[in-house]
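One-based numbering along the sequence shown. Reckoned from all heavy atoms, side chains included, excluding hydrogens, waters and symmetry mates.
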Amino acid sequence: MVMVVRNPMIEKPNKDGKPPTTEYQEEEILDTVYGAVVRQCYSMYKLFNGTFGRAMEAGGVELLIQKLEKFFYRYLQTLHLQSCDLLDVFGGISFFPLDKMTYLKIQSFVNRVEESLSLIKYTAFLYNDQLIWSGLEQDDMRILYKYLTTSLFPRHSEPELAGRDSPLRPEVTGNLLHYGRFLTGPTNFKDPEAKFRFPKIFVSTEDGYEELHLIVYKAMSAAACFMINASVELTRAFCEQLDSLVGPQLTLLASDICEQFTINRRIAGPEKEPQFKFIYFNHMNLAEKSTIHMRKTASVSLTSVHPDLMKILGDINCDFARVDEDEEIIVKAMTDYWVVGKKSDQRELYVILNQKNANLIEVNEEVKRLCATQFNNIFFLD
């Protein structure tokens, strides 16, 4: 696969009425970021279509061209290259912080559903666009997570249940509230004309890959993805069974998690605007955390720092990629910001400090303080 990206340019006016000269800004584009975007394009194609080889076997070059055109015509419109940055290089997963009891409830929910509906092969559980539980291989989950959070969920984001006037009237089954609905598949499966078609995805197995139906089911802020072998025909009866089993339980879990989260936030105290912003990434479990990105929507990634600082982060990351050892880099930007990068034991931490008159020693102390408060259970080698 080849991607061609145009360098940004500036036109400088000339005296004596000559035409302006164009200056290309060659330093602006980071190869690692756009290299990561190309790999992501392929992974996303592969998630929904399998490998290029699969299309070739099924129908030669013609079929492959058709599949590529159909997929990339839509997918390329969702790529907003101007807002791609270090997070695209990592392609990480944001995990939802949970206490042990609630985590166990979710695990037992997943086990119960897989037990009752034995067709289900893999399950993933998300809350507020963050992952809590996944039965998939890491690389498959990473790309499925990207699809869910940047494409599927934003398309279905509705005002969360706003009391009685909400268009999503809850159904009461027994004494349990039921806010569940399918995000993929039939919009209303009570409609007699409803077709029970779900998107198919391809995930890797030990000796190749397998094709699965992807059922995404949501109640309030909780979403469960169920994956079922594609050779199985999914019927209305199965969807009704899944809806009546999962709906009430997922609704209950969603309110449990929300309650727990609110309690934890109250204990933590009010969030003050800190002196620093950071991005953290762990290569082992793909966990990422960023206080620089205010929100990442399907169309744009809003960062709260200047693009020049994001570029410095990208440059530090390139330096880290060249060496295997753990290291630390401290940079003072032209704008008086300090940027610190730490690489330690498969983990990377990037901190941006806004302290005009600080010196190296003070910056170092500040980063140590941050590690102690935000990452107290993670051991950064000094």
Side-chain angles (χ1 to χ4, degrees), residues 27-37 40 79-97 128-131 142 145-146 149-150 153-154 265 268 270-283 285-321 327-344 346-356 358 363-364 366-376 378 380:
E27 297 298 306
E28 287 303 298
I29 284 185
L30 287 173
D31 294 359
T32 48
V33 171
Y34 297 102
V37 171
Q40 208 172 284
L79 282 188
H80 296 272
L81 293 180
Q82 65 282 4
S83 67
C84 291
D85 57 37
L86 188 56
L87 285 193
D88 292 279
V89 177
F90 292 147
I93 294 173
S94 176
F95 286 95
F96 190 82
N128 256 354
D129 290 8
Q130 292 177 297
L131 185 65
R142 159 190 257 172
Y145 176 80
K146 172 97 185 149
T149 53
T150 59
F153 292 162
R265 264 227 307 253
E271 284 189 16
K272 297 188 290 295
E273 177 62 25
Q275 284 277 314
F276 44 73
K277 294 184 165 24
F278 68 84
I279 291 179
Y280 163 78
F281 179 67
N282 179 341
H283 288 272
N285 62 359
L286 306 182
E288 77 179 15
K289 193 175 176 185
S290 165
T291 58
I292 289 174
H293 296 77
M294 277 122 45
R295 64 194 172 96
K296 225 173 155 60
T297 62
S299 58
V300 66
S301 144
L302 284 177
T303 55
S304 54
V305 301
H306 193 276
D308 285 355
L309 290 171
M310 288 309 293
K311 211 184 131 299
I312 294 176
L313 294 185
D315 286 334
I316 295 178
N317 171 256
C318 290
D319 284 344
F320 284 168
E327 59 174 77
E328 181 172 58
I329 295 176
I330 300 182
V331 179
K332 187 162 201 265
M334 301 289 264
T335 48
D336 278 343
Y337 278 90
W338 286 87
V339 182
V340 181
K342 270 168 103 69
K343 177 185 175 193
S344 169
Q346 301 256 357
R347 298 178 177 92
E348 294 181 31
L349 174 66
Y350 300 83
V351 186
I352 294 176
L353 293 155
N354 178 12
Q355 289 177 315
K356 282 212 165 55
V363 167
N364 213 5
E366 197 59 48
V367 173
K368 272 192 180 149
R369 242 199 317 280
L370 164 72
C371 288
T373 54
Q374 292 280 345
F375 301 104
N376 54 357
I378 293 167
F380 280 107

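Contact detail for Tyr34 and Cys84: the closest heavy-atom pair is CE2-CB, 4.5 Å. Scanning both residues, Lys342 and Cys371, for their nearest heavy atoms gives CE-SG, 4.3 Å. When all heavy atoms of Leu30 and Lys311 are compared, the closest pair comes out as CD1-O, 4.0 Å. Across all non-hydrogen atoms, the minimal contact from Leu286 to Arg142 is CD2-NH2, 3.1 Å. Annotation for Asp88 and Ala36: closest pair O-CB, 3.4 Å, computed over non-hydrogen atoms. Considering every non-hydrogen atom in both Gly341 and Tyr350, the closest pair reads CA-CD2, 4.3 Å.
Considering Val331, Ile352, Asn354 in turn, Ile352 is the only one that fulfils the side chain to side chain contact (heavy atoms under 4.5 Å, CB included) rule with Leu309. Residue Leu313 is tested with Ile292, Leu87, Val89 for a side chain to side chain contact (heavy atoms under 4.5 Å, CB included); the sole match is Ile292.
Asn282 CG to Leu349 CG: the interatomic distance, rounded to the nearest 0.5 Å, is 11.5 Å. Gln346 contributes atom CD, which lies 9.5 Å from atom CZ of Phe281 (distance to the nearest 0.5 angstrom).
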Step-by-step side chain to side chain contact (heavy atoms under 4.5 Å, CB included) determination, Leu370 to Val351: CA-CA 9 Å; Leu370 164 72; Val351 186; 3.4 Å; yes
In sequence, state the C-alpha distance, the side-chain angles, and the governing distance for Glu366 and Val340, and then conclude on side chain to side chain contact (heavy atoms under 4.5 Å, CB included). CA-CA 10 Å; Glu366 197 59 48; Val340 181; over 6 Å; no
Criterion side chain to side chain contact (heavy atoms under 4.5 Å, CB included) on Ile279 and Glu288, from CA distance to verdict: CA-CA 7 Å; Ile279 291 179; Glu288 77 179 15; over 6 Å; no
For the pair Glu327 and Lys343, evaluate salt bridge (charged side-chain N to carboxylate O under 4.0 Å, His left out) and give the outcome as yes or no after the intermediate values. CA-CA 5 Å; Glu327 59 174 77; Lys343 177 185 175 193; over 6 Å; no
When you look at Asp308 and Met334, which way does the side chain to side chain contact (heavy atoms under 4.5 Å, CB included) test go after all the steps? CA-CA 10 Å; Asp308 285 355; Met334 301 289 264; over 6 Å; no
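In this structure, Val367 and Leu353 have side chains that are in contact, with non-hydrogen atoms separated by less than 4.5 Å.
Residues Ser83 and His80 bring no donor and acceptor atom of their side chains to less than 3.5 Å of each other.
Looking only at distances, a side-chain donor or acceptor of Thr291 sits under 3.5 Å from a matching main-chain atom of Phe278. Distance alone, capped at 3.5 Å, is enough to place a donor-acceptor pair between the Tyr145 side chain and the Asp129 backbone. Side-chain atoms of Asn128 never come within 3.5 Å of backbone atoms of Gln130 as a donor-acceptor pair (strictly under, hydrogens ignored).
Around atom OH of Tyr337, no more than 12 heavy atoms belonging to other residues, nucleotides or ligands sit under 6.0 Å away.
Note on ring orientation: taking the six-membered ring where Trp is involved, the planes of His283 and Phe90 are perpendicular (angle over 60°, cut-offs 30° and 60°).
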